[in-house]
There are 2 protein chains.
Amino acid sequence: MGVQFECELTEGGALLTSDERFKKARADNAAEAAADYVELIQDLIDEFGEARATDLATHMGVSHVTVSKGLQRLVKNGLVTYRPYRSIFLTEKGRDLARDARERHVVVLQFLLALGVPNLVAEQDAEGMEHHLSPETMAAFSKYLESARAASDVPKN
Amino acid sequence: MGVQFECELTEGGALLTSDERFKKARADNAAEAAADYVELIQDLIDEFGEARATDLATHMGVSHVTVSKGLQRLVKNGLVTYRPYRSIFLTEKGRDLARDARERHVVVLQFLLALGVPNLVAEQDAEGMEHHLSPETMAAFSKYLESARAASDVPKN
DNA sequence: TTAAACATGTAGCCTAAGCTAAATATTGAG
DNA sequence: CTCAATATTTAGCTTAGGCTACATGTTTAA
Ligand SMILES: [Mn+2]
Ligand SMILES: [Mn+2]
Ligand SMILES: [Mn+2]
Ligand SMILES: [Mn+2]
């Protein structure tokens, strides 16, 4: 499986590549829910000391039933532990994913703001984009962010 | 339905917003497949004069069965027409969506390249990101692209 | 003109994510 | 201590998007 038919180098350098891009995008989509869950769980823990299913439902705009099933999936995937009617904990793996998710979220958001995108819109776009950024693109965003800060932040010197 | 509980303005300007972001991201994900289909169909028509189901399967890296069902959904949503064993056509609505999808694809890709992201990676990230950009962010990307071009393209003057 | 190769469709299965309605567990006021 | 409010789970349904195996239609080369 994988690149079975190289690239179809369409002379014009046009867009006729192979399946890889699409597969990657689909995989990213599948991982999206998990990342959003653990990120939010960590946020709730940081702000309120604990995360409960109801809070997740409220903040994600889904029913509590959806959250319940979602949590069962997270447990199955080793990202979360919890006992019925108790608060939710992240596993080591869950915390790692949450940290990564938060990092992305912040970088993407700051980047969009630096580009001049209005706050609310930037929040929305970041929520979707954050799941589709390679390390290289993350690095490029960060780099831009730094130079943008350098240019405006310290007009001294 | 919608913003039922305004924003929970967490003093620190932190990330405790409400459900809207997540809902939008989910909707964008749902629309993603359709956009990718019509974009690819238009690309194939432009390059080869027609689009067939097999080609779609090959290029998207899914089985022909998945494409068959996908096409039925597209028909149901008024984006495509086709007769069994014949080539695939976009409706007016389908062409509009394809045009929009291509525009986004190009802008996002060019933007990432301008930021210094390597070609292959940029292709991949663009394939996912392109579905999560508001008009505002698109505009910001375009603007950046123009200024970047102005800075390097015409060193004269 | 017919058989093989190729393209498309159908049957039937799966998982993720969503939902409502209904059952059950926990918490908290009186 | 008990009953109501709140939280959680379960049952059972939906749609999108995948899949394999198999059936059927179309093209093409002998
Ligand atoms: Mn997100
Ligand atoms: Mn996020
Ligand atoms: Mn795409
Ligand atoms: Mn695209």
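Since the structure is predicted, the reported quantities are computational estimates derived from the model, not experimental observations. To find a chain, count down the sequence lines: A is the first, B the second, and so on, and within it residues start at 1. Only this structure's heavy atoms are used, side chains among them; waters, hydrogens and symmetry mates stay out.
For the OP1/OP2 pair of D/dA7 and a distance below 4.0 Å, the side-chain nitrogens and oxygens of A/Tyr82 include no atom meeting the criterion. Regarding contacts with the backbone of D/dT8, every side-chain N or O of A/Ser68 stays at 4.0 angstrom or more from both OP1 and OP2. At the phosphate of D/dC19, OP1 or OP2 sits under 4.0 Å from a side-chain N or O atom of B/Ser63. Listed pair A/Arg73 / C/dA17 meets the phosphate criterion, a side-chain N or O lying under 4.0 Å from OP1 or OP2.
The side chain of A/His64 approaches D/dT8 more closely than any other nucleotide in the set D/dT8, D/dG18, D/dG17. Taking every side-chain heavy atom of B/Lys69 into account, D/dG17 is the closest of D/dA16, D/dG17, C/dG18. Taking the side chain of A/Arg26 as heavy atoms from C-beta on, and the options D/dT10, D/dG18, D/dA7, the nearest nucleotide is D/dG18. Here C/dC19 is the nucleotide among C/dC19, D/dT8, C/dT10 with the atom lying nearest to any side-chain atom of A/Thr66.
Using modelled atom types and a 3.5 Å distance limit, the side chains of B/His131 and B/Asp36 yield a donor-acceptor pair.
Between B/Tyr144 and B/Phe111, a ring centre-to-centre spacing shorter than 6.0 Å is recorded.
Counting non-hydrogen atoms under 4.0 angstrom, B/Val65 reaches a base of the nucleic acid. Counting any heavy atom pair closer than 4.0 Å across all strands shown, B/Tyr37 reaches no nucleic acid atom.
Follow the hydrophobic side-chain contacts under 4.5 Å out from A/Leu113 and you never reach B/Phe141; the two are in separate clusters.
Donor-acceptor pairing under 3.5 Å, judged by distance alone, is present between the side chain of B/Tyr85 and the base of C/dT8.
The shortest side-chain heavy-atom distance between B/Val80 and B/Thr91 does not fall under the 4.5 Å cut-off.
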